[in-house]
Amino acid sequence: MARNDLQVGGRAPADKLGLTLDVFEKGVDLSGFKIQSIRTVVEPWEDYLIFTQFYMLTNTAKTALDTTILPGKDLERGIPIRLPVKAQGIRASGPGNSAVIDSFVFWQGTIRPNETIPIQVSFSMPVHSPDYVYEQEIAYDVDNLEILVPLQTRFPKLPRLNGVELAAPGFKMESGYGLFGMRDDMEFIGGTGKSVKKGEALRFKVSGMPYHRPLAPFIVFGFALLSAIFIGVIGRREAQRVRGEAGLKDLRKALEVERESLLEQLVALRVGIRTGTVTQEEHDALSTSLQERLALILHKLSSIDTK
């Protein structure tokens, strides 16, 4: 850093006006770049979770960091901030320039030595379950991570969250009004005090939110129940064989009940894949198993009809 005294107007020294300017050399790498803190606020809204993140960018080097002169193709758009792949509606604001490309926010600007630049990033993630696990890879050293979940919501029908829990390994968990300097008329649960190194991840789980349980576990439960029914049907087959025509009618009725249940499960799977409550992997695995059992039931019914 250099100090320059500028003389204005060329007058006598007694009339000299001194103006001191700070001039910094500019660095050409990210060696001094650090994220001082990241605060993540999580709010439920309809079928989404709204995430608002506050980044405090800083420069620990003795030279100013100008992102427009950083070498390398990876940095030509600016410093990248990586968000989860499924992040939607990404917006960024703050000093400097921000551009959103796919799941990245690229920030361009100048950070002087020991200066702190605040950047706000907001996005949403679809959610269909009361339990949600969040994971985000962090590409820079971060001194302090914070997580906040306000217990008041913008839901007209659900003004407050009851029973919501936050699990964040490595964080110091707290709750109360005005947590971490937020509004003192709002109650929060949160965690703070965790630092990460480049390449590590921000992970936490929010449970007990006002969303429906996923369809897949109920399908699995129903599938297990149908399996038990099917085993019972097969186990009774030999005994019914000796009871003649009446026994065959009972067996057919039991098989028809299971057939209808299997068809309902397949319909539920198709609805689940359309609404997003069932993943493609869950759909493929369960659909194949259900269809195999349905084929076996149909075969048994056909065998009864030919007797």
Side-chain angles (χ1 to χ4, degrees), residues 22-127 132-150 154 180 182 194-204 276:
D22 291 334
V23 180
F24 298 95
E25 296 181 2
K26 292 184 178 181
V28 292
D29 59 50
L30 289 176
S31 60
F33 177 76
K34 180 185 287 188
I35 299 180
Q36 196 175 82
S37 66
I38 303 176
R39 171 176 290 181
T40 302
V41 181
V42 186
E43 298 178 89
W45 176 251
E46 296 183 350
D47 293 330
Y48 297 89
L49 283 178
I50 306 299
F51 294 87
T52 306
Q53 292 189 317
F54 301 89
Y55 292 78
M56 301 300 288
L57 313 182
T58 190
N59 177 20
T60 62
K62 295 181 180 180
T63 54
L65 173 62
D66 184 351
T67 63
T68 62
I69 62 173
L70 292 175
K73 197 169 185 180
D74 294 341
L75 299 173
E76 62 183 1
R77 294 188 179 95
I79 296 175
I81 297 174
R82 183 173 188 162
L83 302 176
V85 175
K86 293 184 179 181
Q88 302 177 3
I90 302 171
R91 296 182 179 181
S93 61
N97 298 311
S98 298
V100 176
I101 301 177
D102 297 327
S103 58
F104 286 85
V105 173
F106 292 90
W107 180 80
Q108 284 191 335
T110 300
I111 311 177
R112 294 176 296 179
N114 301 316
E115 184 182 19
T116 301
I117 300 291
I119 304 296
Q120 178 178 322
V121 177
S122 61
F123 56 95
S124 64
M125 300 275 279
V127 61
Y132 188 87
V133 177
Y134 181 85
E135 182 169 348
Q136 177 184 359
E137 182 181 340
I138 307 296
Y140 313 98
D141 292 348
V142 183
D143 290 338
N144 182 46
L145 295 174
E146 294 179 346
I147 309 164
L148 278 167
V149 181
R154 288 175 282 179
F180 308 153
M182 299 292 281
K194 181 174 181 177
S195 62
V196 294
K197 296 294 184 182
K198 176 181 178 180
E200 295 180 348
L202 165 61
R203 295 186 184 92
F204 60 87

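Predicted model, so just to flag it, every value in this text is computed and none were measured. The analysis underlying the following values was restricted to heavy atoms, covering all of them including side chains, and did not include hydrogens, waters or symmetry mates.
By the salt bridge (charged side-chain N to carboxylate O under 4.0 Å, His left out) test, Glu76 is found to be paired with no residue, residues two or more places apart in sequence or in another chain being considered. Lys194 meets the salt bridge (charged side-chain N to carboxylate O under 4.0 Å, His left out) test with no other residue; sequence neighbours excluded. Listed by chain and residue number, Lys34 satisfy the salt bridge (charged side-chain N to carboxylate O under 4.0 Å, His left out) test with Asp143 (two or more places apart in sequence, or in another chain). For Thr68, the side chain to side chain donor-acceptor pair (under 3.5 Å) partners at least two apart in sequence or on another chain are Asp66.
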### Message
Between Tyr134 and Ile147, does the side chain to side chain contact (heavy atoms under 4.5 Å, CB included) criterion hold? Intermediate values first, please.
### Response
CA-CA 11 Å; Tyr134 181 85; Ile147 309 164; over 6 Å; no

### Message
With side chain to side chain contact (heavy atoms under 4.5 Å, CB included) as the criterion, how do Thr40 and Leu145 come out once you've worked through the C-alpha distance, each side chain's angles and the decisive distance to 0.1 Å?
### Response
CA-CA 8 Å; Thr40 302; Leu145 295 174; over 6 Å; no

### Query
Given Met125 and Phe123, is the side chain to side chain contact (heavy atoms under 4.5 Å, CB included) satisfied, shown in steps?
CA-CA 7 Å; Met125 300 275 279; Phe123 56 95; 4.1 Å; yes

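Contact annotation: the side chain of Leu65 approaches that of Leu70 to within less than 4.5 Å [non-hydrogen atoms, C-beta and beyond]. For the pair Phe51/Val42, a side-chain contact is recorded, criterion being any heavy-atom separation below 4.5 Å from C-beta on. Side-chain contact check for Ser122 versus Ile50: every heavy-atom pair is 4.5 Å or farther apart. Considering only heavy atoms from C-beta on, Ile35 comes within 4.5 Å of Leu57 through its side chain.
Nearest heavy atom pair, residue Pro113 against residue Ala61, reads CB-O, 3.2 Å. Residues Thr67 and Gly109 come closest through the heavy atom pair OG1-N, 2.8 Å. Here the closest heavy-atom approach between residue Asn59 and residue Arg112 is recorded as CB-O, 3.6 Å. The heavy-atom pair separating Ile117 from Thr110 by the smallest distance is CD1-O, 4.4 Å. Residues Tyr48 and Ser124 approach most closely at CD2-OG, 4.0 Å, considering heavy atoms.
Atom OG1 of Thr60 is separated from atom CD1 of Ile111 by 10.0 Å, given to the nearest 0.5 angstrom. Note that CG of Asn114 and NZ of Lys62 are 10.5 Å apart. Values are rounded to the nearest 0.5 Å. One finds the CZ atom of Arg39 at 9.0 Å from the CG atom of Asn144 (value rounded to the nearest 0.5 Å).
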With a cut-off of 3.5 Å and sequence neighbours excluded, list every side-chain donor-acceptor pair involving residues 196-204.
unit_1 : atom_1 : unit_2 : atom_2 : d
Glu200 : OE1    : Lys197 : N      : 2.9
Arg203 : NE     : Glu135 : OE2    : 3.2
Arg203 : NH2    : Glu135 : OE2    : 3.2

Using residues 77-98 as the side-chain source, report each donor-acceptor pair under 3.5 Å to any protein atom, sequence neighbours left out, with the distance given to one decimal.
none

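At distances below 3.5 Å, not a single donor-acceptor pair connects side-chain atoms of Thr116 with backbone N or O atoms of Thr58. Side-chain N or O atoms of Asp102 include none that pairs as donor or acceptor with a backbone N or O of Phe104 at under 3.5 Å.
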